[in-house]
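Take a look at the structure set out below.
Lettering of chains follows the sequences in order, A, B, ..., and the numbering in each one begins at 1. Quick caveat, the model's predicted, so the values are computed rather than measured.
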Amino acid sequence: MVATFGWVEYLANATATATPTNLNLGSTLAANLAPSTYPITAGTYSYEKWFKAAFSASFTRIDNIQFWKSAGAYVTGENITWTGQQTAFAAPTTAASGYATSTVATADPGTANVSIGGALAGSLTAAGSSDFMILQASVTTAASAGAVNQKTFTLQYDEV
Amino acid sequence: MVEQTEYYQWEVTLADGTVKKEVAVVKFELAWFTPGALRKLLLRKINNSKYFSVDFTNGDFDKNGIVEAGIPGSLGDFTPVYLKRNIVRVDETGPLGNRVIYYMGYKKAGQQKTLKISPAIGLIQENIDYENP
């Protein structure tokens, strides 16, 4: 009677998936990438990271999914944008995302900001996934050289 | 006409195995909920098989028919509130420790009373909301 949670990352196409242990952003299209190996050059964007929250095992209902950056300050010139309501897949890009256009929340948003079945009020009553979440980091030329601060992302969901 | 009264019983199993019960009324004894003290919490409908329970040692919970809205009882129409909120965190190195918070209590006559409990922390908050149930 307990749901099992896992991340599912989507790579070059909608069937090329991985099970990531982190959501690191960088200059290559890969799960669990090493930022030091694939840094984001000043003045450019990271690859978009497309992923979902997947739920399996036995539960009655999953809903109210919320996602935010809970720790890790930006350095000058750094930003992370996102969306949590994308229903159709498109190949990740290093151009400025046309999907991840909102700055990711830095505190618990209080209400659902990740959709299920195309609706923030959506829910799962059997094994399944949220809609796509997409993250993209950008670093302007105003940023200093070197690594940015580590970030912590938090996802919260209700299970009844 | 005979008015039928239905009763509910809270049963709390503490970490040391001690079982504490409240009979005939739906209320909470906050002294039970000290950090790390809870092993299991059970709300049972007396003289009926319906119940819901949560096992804090493994996160399992069970709802045997008691989640229907508007259960008539000694406190009026009583709607159990039972919610498990899961918090998953990840950073550059991988998954961080996850947290679970349980919200449990009841709504009746437009009023709400819930407890917010974490297995690791114990009682976090008691919420009595008479304005916005």
Side-chain angles (χ1 to χ4, degrees), chain A residues 1-7 9 19-26 31-38 49 51-55 57-72 80 108 110 112 114 123 130 133 135 137 147-160, chain B residues 39-43 49-69 71 79-107 112 114-121 124-125 127 129 132:
Chain A
M1 296 287 290
V2 178
T4 300
F5 168 83
W7 302 105
E9 185 169 342
T19 304
T21 58
N22 62 56
L23 300 173
N24 292 348
L25 300 166
N32 299 325
L33 65 86
S36 58
T37 306
Y38 301 101
K49 187 165 289 288
F51 59 99
K52 291 181 176 180
F55 302 92
S58 176
F59 55 84
T60 301
R61 189 176 76 242
I62 298 287
D63 61 12
N64 194 27
I65 302 177
Q66 301 171 34
F67 182 89
W68 70 96
K69 179 174 75 69
S70 51
I80 297 176
D108 183 346
V114 178
S123 63
S130 68
M133 289 172 271
L135 288 172
V148 298
N149 298 318
Q150 176 173 272
K151 313 295 188 298
T152 300
F153 290 105
T154 296
L155 182 135
Q156 175 178 292
Y157 61 94
D158 291 346
E159 177 181 354
V160 293
Chain B
R39 179 187 296 174
K40 187 174 183 178
L41 188 145
L42 171 71
L43 175 62
S49 63
K50 293 182 177 181
Y51 63 90
F52 77 73
S53 69
V54 55
D55 186 334
F56 291 99
T57 61
N58 58 17
D60 200 6
F61 64 92
D62 193 4
K63 308 183 293 290
N64 183 23
I66 205 168
V67 294
E68 299 91 343
I71 300 170
T79 304
V81 173
Y82 190 69
L83 177 67
K84 179 184 180 185
R85 174 156 291 168
N86 301 268
I87 301 170
V88 178
R89 298 183 304 141
V90 61
D91 71 6
E92 179 182 342
T93 62
L96 302 173
N98 298 338
R99 282 201 305 154
V100 175
I101 298 174
Y102 296 92
Y103 294 79
M104 58 190 75
Y106 60 91
K107 295 178 183 176
Q112 173 173 294
T114 57
L115 286 178
K116 181 179 177 184
I117 298 170
S118 170
I121 301 172
I124 298 175
Q125 183 179 49
N127 175 49
D129 182 0
N132 300 295

**Request:** Side chain from CB out, backbone as N, CA, C, O: work out which of these in N32(A) comes under 4.5 Å of a heavy atom of chain B, or both, or neither.
**Result:** neither
**Message:** Consider side-chain contact (heavy atoms from CB on, under 4.5 Å). Of L155(A), L23(A), T21(A), which one does V90(B) pass it with?
**Reply:** L23(A)
**Message:** Using a 4.5 angstrom heavy-atom cutoff, name the option from D91(B), T93(B), L96(B) with the most pairs to chain A.
**Reply:** D91(B)
**Prompt:** For P35(A), is it the side chain, the backbone, both, or neither that has a heavy atom closer than 4.5 Å to a heavy atom of chain B?
**Reply:** side chain
**Prompt:** Are N24(A) and E92(B) close enough that some pair of their side-chain heavy atoms sits under 4.5 Å apart?
**Reply:** yes
**Side chain, backbone, both or neither of D158(A) within contact of chain B (heavy atoms, under 4.5 Å)** = both
**Request:** Mind checking the CG-CZ spacing from N86(B) to F55(A)? Nearest 0.5 Å is all I need.
**Result:** 8.0 Å
**Which atoms of F5(A) approach chain B - backbone, side chain, both or neither, heavy atom under 4.5 Å** = side chain
